[in-house]
Amino acid sequence: MGNPELARIFTAAVIGGFGAFLWARPCYASPRPYFKCVGRLALPERGRIDRVLDARDDAEDIPAAYGRYLALAVLGLGLLELVPAVPPVLPYALMCLVMAGFTLLAYLRFRRATDRRVAPLVRRSPVHVLSPFGIAAMACSFVAVLAVAAYPPQRLEALVGAVAMAVLVWVAWRIAQAPALLLGDDPQWEYAVDERIRVCRARNVTVLVCATGALVVAFAQPYASAVFYPVYAAFAVAGATYAHSVMQSIRTA
């Protein structure tokens with residue numbers, strides 16, 4: 001980003017816009033957005049999956065107020081981005097952490113709320129969920145951020161971003177390896193729904209990891225010298241895999 005001040009204003013606008021979007025959709029954590037294809041199913045199957053999704057919503061029991069709190073937190077971070085004394089990466093990194101925590105909350109509440117469970121004898125691999133390409137995206141982004149940390153003017157921002165990315169990777173891995181949590185009323189569809197939710201939520205956090213790295217490197221560009229050309233090369237690779245991760249996270253079943 002050639003002009004740091006314009007970059008800060010742009011980032012604040014992006015964060016604030018996303019906060020406004022979340023305020024308009026307080027049901028952000030609902031699993032239903034991951035199942036846009038339900039309308040294309042035959043009526044009997046559509047009724048089954050609708051009942052499963054209703055049961056899942058009830059089991060996770062994420063109050064709409066939580067969505068409002070999330071939106072207010074993101075809006076506040078958008079305003080924090082405009083404070084000159086604040087490292088420009090910090091509000092965005094905190095937003096990604098809040099988003100990841102909110103995603104993890106849905107799983108934790110589901111685990112506590114579900115009294116009756118069915119555990120299918122199927123090994124769930126985090127590598128299968130995140131995919132080698134998604135893992136490569138996170139690794140390239142993290143390496144690029146560590147390289148930026150070697151440059152003193154950007155060291156603080158890069159370290160903040162690296163810590164945020166490490167926490168996000170942990171959250172993504174926890175979601176990816178979560179056991180199947182089923183209610184036992186319709187195991188066939190419940191397992192399919194649980195698998196879909198697990199994959200989408202884990203990959204969404206993967207996207208947050210890559211996006212945090214992208215912002216750190218973008219803010220470092222005005223201060224970098226030829227020494228950082230390898231960083232830009234790593235960033236280009238991360239950007240390509242990041243785009244792939246985005247497509248995975250928004251793809252519908």
Side-chain angles (χ1 to χ4, degrees), residues 1-19 70 73-104 130 133-174 202-246:
M1 296 185 182
N3 188 317
E5 292 305 318
L6 287 179
R8 185 184 285 272
I9 293 172
F10 175 77
T11 304
V14 169
I15 296 175
F18 189 60
L70 175 65
V74 173
L75 288 169
L77 290 171
L79 294 176
L80 184 64
E81 180 66 46
L82 297 175
V83 178
V86 175
V89 174
L90 180 61
Y92 187 83
L94 290 176
M95 184 194 76
C96 290
L97 287 175
V98 170
M99 296 289 298
F102 194 68
T103 301
L104 185 61
L130 299 177
F133 216 6
I135 293 173
M138 292 189 290
C140 289
S141 297
F142 194 72
V143 168
V145 168
L146 291 182
V148 171
Y151 191 58
Q154 293 295 300
R155 183 165 296 160
L156 177 60
E157 287 88 340
L159 291 177
V160 168
V163 170
M165 292 168 73
V167 175
L168 289 166
V169 169
W170 176 81
V171 172
W173 196 263
R174 283 292 304 273
R203 288 177 178 172
N204 283 342
V205 179
T206 300
V207 170
L208 293 178
V209 175
C210 299
T212 303
L215 193 72
V216 171
V217 175
F219 270 108
Q221 286 183 18
Y223 307 96
S225 63
V227 176
F228 278 81
Y229 290 152
V231 173
Y232 298 148
F235 176 55
V237 175
T241 48
Y242 166 55
H244 176 76
S245 297
V246 171

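Along the sequence shown, residues are numbered consecutively beginning with 1. Every value quoted in this text rests on a predicted model; they were computed, and no experiment measured them.
In this view, Leu94 and Leu77, Leu90, Leu97 satisfy the side-chain contact (heavy atoms from CB on, under 4.5 Å) rule, not counting sequence neighbours. With sequence neighbours excluded, the residues forming a side-chain contact (heavy atoms from CB on, under 4.5 Å) with Ala162 are Phe142, Val145, Leu146, listed by chain and number. Under the rule for a side-chain contact (heavy atoms from CB on, under 4.5 Å), the partners of Ala172 that lie at least two apart in sequence or sit in another chain are Leu130, Val205, Thr206. With sequence neighbours excluded, no residue forms a side-chain contact (heavy atoms from CB on, under 4.5 Å) with Ala73.
Looking at every heavy atom in both residues, Leu168 comes nearest to Cys96 through CD2-O, 3.3 Å. Heavy atoms only, all atoms of each residue included: Val209 and Met165 are closest at O-CE, 3.6 Å. Across every non-hydrogen atom of Thr212 and Ala93, the tightest pair is CG2-CB, 4.4 Å. Nearest heavy-atom pair across Ser141 and Cys210 is OG-CA, 3.7 Å.
Under the salt bridge (charged side-chain N to carboxylate O under 4.0 Å, His left out) criterion, no residue pair touches residues 84-103, with sequence neighbours excluded. Each salt bridge (charged side-chain N to carboxylate O under 4.0 Å, His left out) pair with one or both residues in residues 80-90, not counting sequence neighbours, appears once here: Arg8-Glu81. Residue pairs meeting the salt bridge (charged side-chain N to carboxylate O under 4.0 Å, His left out) criterion with at least one member in residues 142-152, sequence neighbours excluded, do not occur.
Taking the side chain as every heavy atom from C-beta outward, Pro88 and Thr11 never approach each other to under 4.5 Å. Side-chain contact check for Val160 versus Pro87: every heavy-atom pair is 4.5 Å or farther apart.
Rounding to the nearest 0.5 angstrom, the gap separating the CG atom in Leu70 from the CE atom in Met95 is 9.5 Å.
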